[in-house]
Asks: 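Encoded as structure tokens, here's the structure I'll be asking about.
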Amino acid sequence: MQAPRKIRVGLVGAGRIADLQVLGWREHASGEVAAVYDADAAVRARRSAEWGARPYDSLEDLLADPAIDAVEIATPHDLHADHAIAAIAAGKHVSLQKPPTRTLAELDRVIAAARGANVRVRVLENFMWYPPHRLARTLVEAGEIGDVLSVRILTALGRPDRGWDVPAGAMAWRMDPARCGGGVVTFDHGYHCFQLGRLFVADPVEVVHAFINIVPTSDGGEIDVPALVTWRYTGAPRFGSWEVVPSFELEVRSRYYPSDERLELRGTRGVIWVSRCTGKLLDEPPVVLYRDGETRAFHTVETDWATSFRDATRDFIDAIIEQRDTPLTLVDARATLVFALAAQRSARERREVTLAELE
């Protein structure tokens, strides 16, 4: 019996995060890392040797190769729209790193290009695939805490010289709002948190109010900390918040980014706490449920942040084979982008912003 043909992917942008993006492709029986393009020739050569993938000197050459079925796009945000549209036009399935684009106009161009195309296009936002977050959502959907009344997220940024070694160039464009689309923390990283804000409440976010402090850097960039974003959902009074604390002398144990992410969901009959993501501060269960006067701790759920990338990629490969959609669809990703952009506008204009304004 002939083995099924593999789905062959090309990595477009092969920086630090690509270490995790390739995991699912290399582990899935139907996946293969076949090609790589990066603007940096040294990165192309290193990744080619590491993955056994063919290096391409240009994105155009990679997309012209009929043997490549799909692409993972992890280039700077200002390139996302053009790269995704070119890949769709070439008939490639597309996995686009979050945030999908800098603006709604750019994303609408991608949506228009994908409409009617015989390819799968998704936005990779890995926090929604992180096992503790998925467990929390399962508990919410099972009614374990009743109706969700509050979603609270806390990000504590630790010592920047700990954790992953991220090249200076990779941080430079993120700290340029024109290329990033917003703040390195509240827009680039923030897309994760805004998606979490939508993950546990079915009703959409209606209004956002944000305080975002901007600190200029010596090289002309800026960093957006500290920050506090609050929001209200439609329907019955329910609220959410995300706080960013720049604890730059804090030791955060992490194999990845040195930040501590915590999530608290309060409902009409119980509470869920998630105490893990990229970092680990305390030796405590990653997920805890309190309801009806009893505490239940989930000790055995997988907590390696890399698992979220692996599982997201496995599902993307399966979706290509099964010809189905996979989270995040472009339409759902657009709703999160509206949320993120509303927070940026609120901080700039120092006022409450309705998401409808951005439409």
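Given the structure is predicted, the values throughout are model-derived calculations rather than measurements. Positions are given from 1 along the sequence.
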Asks: Determine, stepwise, if the pair Arg334 / Asp108 fulfils salt bridge (Lys or Arg N to Asp or Glu O under 4.0 Å).
Replies: CA-CA 8 Å; Arg334 189 182 189 280; Asp108 286 341; 2.8 Å; yes
Asks: Ring of Trp273, cation from Arg262 - is the NZ or CZ under 6.0 Å from the centre and inside 45° of the axis?
Replies: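 Arg262 over Trp273 ring: no.
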Asks: What do you reckon, are the aromatic ring centroids of His189 and Phe194 less than 6.0 Å apart?
Replies: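 They do not qualify: ring centres at least 6.0 Å apart.
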Asks: Strictly by modelled atom types, are Arg122 and Thr326 linked by a side-chain donor-acceptor pair under 3.5 Å?
Replies: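 No, no side-chain donor-acceptor contact under 3.5 Å.
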Asks: Evaluate the salt bridge (Lys or Arg N to Asp or Glu O under 4.0 Å) criterion for residues Lys6 and Asp69: first the C-alpha distance (whole Å), next the side-chain angles of each, then the deciding distance (0.1 Å), finally the verdict.
Replies: CA-CA 9 Å; Lys6 289 183 178 292; Asp69 303 295; over 6 Å; no
Asks: Strictly by modelled atom types, are His77 and Asp188 linked by a side-chain donor-acceptor pair under 3.5 Å?
Replies: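 Distance-only check passes for His77 and Asp188.
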Asks: Are more than 12 heavy atoms from other residues, nucleotides or ligands located less than 6.0 Å from atom CZ of Arg291?
Replies: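 Yes - once you tally the heavy atoms of other residues, nucleotides and ligands closer than 6.0 Å, there are more than 12.
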Asks: Can a donor-acceptor pair be found, under 3.5 Å and without considering hydrogens, that links the side chain of Ser247 to the backbone of Ala156?
Replies: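 No, the answer is negative, given that no donor and acceptor are paired below the 3.5 Å cut-off.
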Asks: Checking side-chain polar atoms at under 3.5 Å, does Tyr130 have a donor or acceptor matched by the opposite partner on Asp311?
Replies: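 Not at all, the side chains of Tyr130 and Asp311 share no donor-acceptor pair under 3.5 Å.
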Asks: So, Thr230 and His209: side-chain donor and acceptor under 3.5 Å apart, yes or no?
Replies: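 Side-chain D/A pair, Thr230 to His209: absent.
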Asks: Check the side chains of Thr186 and Asp224 for a donor-acceptor pair under 3.5 angstrom, ignoring hydrogens and angles.
Replies: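 There is such a pair (donor and acceptor under 3.5 Å, judged by atom type) between the side chains of Asp224 and Thr186.
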Asks: Flag the pair Glu264 and Arg266 as a salt bridge only when some basic side-chain nitrogen lies within less than 4.0 angstrom of an acidic carboxylate oxygen.
Replies: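 Yes, charged N to carboxylate O under 4.0 Å.
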Asks: Are Arg120 and Phe316 in a cation-pi setup, meaning NZ or CZ lies under 6.0 angstrom from the ring centre and within 45 degrees of the ring axis?
Replies: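 Ring-cation test returns no.
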